[in-house]
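Keep in mind that the numbers below use all heavy atoms, side chains included, and drop hydrogens, waters and symmetry copies. Throughout, numbering of the chain's residues begins at 1 and tracks the sequence.
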Amino acid sequence: MAVRFDNAADSLSRTSDLLSYNSTYTFMFWVYLTSDTNDYNTFFQSSQGGYAPSDWIGTDNDGTTLQLYCQAASGGTTVNGSALSINTWYHITLVRESQTSFKCYLNGTLDITNTADMTGRAAATEMRFGSIGGADEAFMRVVDSKAWSAVLSIPEIFAEMQNIQPQRLTNLYGRWPHSA
């Protein structure tokens with residue numbers, strides 16, 4: 001059973017014991033767009049609250065173009081990827097390789113690379129699925145989230161996509177099989 005977000009205020013957040021967005025990590029989940037809002041949609045972000053600084057994945061303001069966003073105190077950089085369809089499940093894997101390499105894999109294939117420099121960001125204060133304070137709404141379903149405090153290889157990403165139970169236990173930060 002997936003968690004459904006269906007209005008501008010829907011979100012789930014965590015504010016303690018956070019995965020560091022200033023270190024290497026891998027965060028993955030399945031997402032399903034339930035409507036094309038012709039607006040930004042937030043899938044997941046790790047931030048200091050609100051938008052900045054943050055690592056963010058969602059859609060561009062057309063409502064269907066996958067977008068990867070990184071922001072430090074001095075400004076943000078967005079990079080667009082593939083067009084998504086509504087009523088289709090997609091596997092998203094975010095990989096923070098370094099302070100200057102943040103990647104998004106769509107269904108196991110590299111789709112977006114953002115090389116903005118995040119050096120000097122303060123620690124994150126929240127991780128969030130869905131709306132950011134009523135903005136960048138989320139009309140989606142999310143299921144089978146997993147995270148590691150390490151960079152997973154492409155074969156590991158493929159193995160994790162095929163299984164609800166984590167296959168790699170080393171550096172496992174958390175798993176949420178039926179919720180965000």
Side-chain angles (χ1 to χ4, degrees), residues 1-6 10-12 19 21 24-46 54-70 77-98 100-116 127-131 136-180:
M1 175 192 231
V3 174
R4 183 177 176 125
F5 301 85
D6 58 7
D10 282 356
S11 68
L12 290 173
L19 186 64
Y21 71 168
T24 57
Y25 71 85
T26 302
F27 199 102
M28 65 177 58
F29 55 93
W30 288 91
V31 66
Y32 179 97
L33 291 173
T34 58
S35 65
D36 178 356
T37 61
N38 289 310
D39 201 357
Y40 295 101
N41 278 281
T42 298
F43 297 164
F44 174 81
Q45 78 162 5
S46 182
S54 67
D55 281 353
W56 181 94
I57 186 74
T59 65
D60 196 357
N61 63 354
D62 66 2
T64 59
T65 300
L66 191 61
Q67 186 174 76
L68 190 62
Y69 176 77
C70 299
T77 302
T78 59
V79 181
N80 287 349
S82 295
L84 305 179
S85 299
I86 61 169
N87 303 322
T88 302
W89 282 103
Y90 293 98
H91 190 268
I92 303 286
T93 303
L94 302 175
V95 179
R96 168 61 70 189
E97 291 181 323
S98 69
T100 59
S101 180
F102 187 41
K103 295 182 176 181
C104 174
Y105 292 82
L106 179 63
N107 296 328
T109 302
L110 180 62
D111 193 63
I112 308 171
T113 300
N114 192 322
T115 58
M127 294 184 335
R128 172 183 303 274
F129 276 100
S131 174
D136 288 2
E137 54 210 15
F139 288 86
M140 65 180 185
R141 297 176 189 151
V142 175
V143 70
D144 297 338
S145 305
K146 300 182 233 180
W148 294 262
S149 58
V151 173
L152 269 63
S153 67
I154 292 172
E156 288 174 315
I157 290 169
F158 274 107
E160 295 297 339
M161 282 176 55
Q162 305 303 317
N163 295 281
I164 294 171
Q165 293 288 343
Q167 302 303 292
R168 176 187 165 137
L169 299 177
T170 304
N171 305 104
L172 181 66
Y173 165 76
R175 66 178 278 270
W176 304 270
H178 299 295
S179 63

Okay, side chain of [X], backbone of [Y]: is any donor-acceptor separation there less than 3.5 Å?
{"X": "Q167", "Y": "Q165", "answer": "yes"}
{"X": "D62", "Y": "T64", "answer": "yes"}
{"X": "N41", "Y": "T37", "answer": "no"}
{"X": "W56", "Y": "F43", "answer": "no"}
{"X": "Y69", "Y": "G58", "answer": "no"}
{"X": "T100", "Y": "T115", "answer": "no"}

Practice task
Give the C-alpha distance, both sets of side-chain angles, the deciding distance and a yes or no for side chain to side chain contact (heavy atoms under 4.5 Å, CB included) between F27 and T93.
Solution key: CA-CA 6 Å; F27 199 102; T93 303; over 6 Å; no
Exercise for the section: For S82, check side-chain hydrogen bond (donor to acceptor under 3.5 Å, both in side chains) against everything at least two apart and list the hits. Expected result: D111
Using 0.5 Å steps for rounding, measure from the [atom1] atom of [X] to the [atom2] atom of [Y].
{"X": "E156", "Y": "T170", "atom1": "CD", "atom2": "OG1", "answer": "8.5 Å"}
{"X": "N87", "Y": "T34", "atom1": "CG", "atom2": "OG1", "answer": "7.5 Å"}
{"X": "L152", "Y": "T26", "atom1": "CG", "atom2": "OG1", "answer": "4.5 Å"}
{"X": "K103", "Y": "N114", "atom1": "NZ", "atom2": "CG", "answer": "11.5 Å"}
{"X": "I164", "Y": "W30", "atom1": "CD1", "atom2": "CH2", "answer": "10.5 Å"}
{"X": "Q45", "Y": "S11", "atom1": "CD", "atom2": "OG", "answer": "9.5 Å"}

Practice task
Check each of Y32, F29, W89 against V143 using the side chain to side chain contact (heavy atoms under 4.5 Å, CB included) test, and report the only one that passes.
Solution key: W89
Handout entry: Name of the residue among N107, D144, L106, T109 meeting side chain to side chain contact (heavy atoms under 4.5 Å, CB included) with H91
Key =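 Considering N107, D144, L106, T109, a side chain to side chain contact (heavy atoms under 4.5 Å, CB included) with H91 is found only for N107.
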Handout entry: Aromatic centroids of Y173 and W148 separated by under 6.0 Å
Key = no
Exercise for the section: Kindly state whether the ring of F5 and the ring of F139 have centres lying under 6.0 angstrom apart. Expected result: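 Centroid separation for F5 and F139: 6.0 Å or greater.
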Practice task
For side chain to side chain contact (heavy atoms under 4.5 Å, CB included), just list the numbers for T59 and L66, CA-CA rounded to whole Å, side-chain angles, deciding distance to a tenth of an Å, and then say yes or no.
Solution key: CA-CA 5 Å; T59 65; L66 191 61; 5.6 Å; no
Exercise for the section: Would you check if S145 and V142 make a side-chain contact, meaning some heavy-atom pair closer than 4.5 Å? Expected result: yes
Handout entry: Residue pair Y90 / L84, side-chain heavy-atom distance below 4.5 Å
Key = yes
Which heavy atom of [X] sits nearest to which heavy atom of [Y], and what is that distance?
{"X": "A150", "Y": "R168", "answer": "CB-NH2, 3.5 Å"}
{"X": "I92", "Y": "C104", "answer": "CG2-SG, 4.1 Å"}
{"X": "G130", "Y": "A138", "answer": "CA-CB, 3.6 Å"}
{"X": "L19", "Y": "A147", "answer": "CD2-CB, 3.9 Å"}

Exercise for the section: Check whether more than 12 heavy atoms from other residues, nucleotides or ligands sit under 6.0 Å from atom CG of L110, and answer yes or no. Expected result: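 Enclosed.
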Exercise for the section: Could you give me the CA-CA distance, side-chain angles and deciding distance for R96 and T24, then say whether side chain to side chain donor-acceptor pair (under 3.5 Å) is met? Expected result: CA-CA 5 Å; R96 168 61 70 189; T24 57; over 6 Å; no
Handout entry: Carboxylate-amine/guanidinium contact K146 E160, below 4.0 Å
Key =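 Judged by the 4.0 Å cut-off on N to carboxylate O distance, K146 and E160 do form a salt bridge.
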Exercise for the section: Please report the C-alpha distance between V3 and L12 in whole Å, then the side-chain angles of each, then the deciding distance to 0.1 Å, and finally whether the side chain to side chain contact (heavy atoms under 4.5 Å, CB included) criterion is met. Expected result: CA-CA 9 Å; V3 174; L12 290 173; 3.9 Å; yes
Practice task
Could you verify whether a donor N or O on one side chain and an acceptor N or O on the other, from Y25 and D55, lie under 3.5 Å apart?
Solution key: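 A donor-acceptor contact under 3.5 Å links the two side chains.
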Practice task
Among residues two or more places apart or on two chains, list those pairs meeting salt bridge (charged side-chain N to carboxylate O under 4.0 Å, His left out) that have a residue in residues 29-46.
Solution key: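 Applying salt bridge (charged side-chain N to carboxylate O under 4.0 Å, His left out) to every pair that reaches into residues 29-46, excluding sequence neighbours, yields nothing.
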Problem - Working for side chain to side chain contact (heavy atoms under 4.5 Å, CB included), residues S149 and N171 - result: CA-CA 5 Å; S149 58; N171 305 104; 3.7 Å; yes
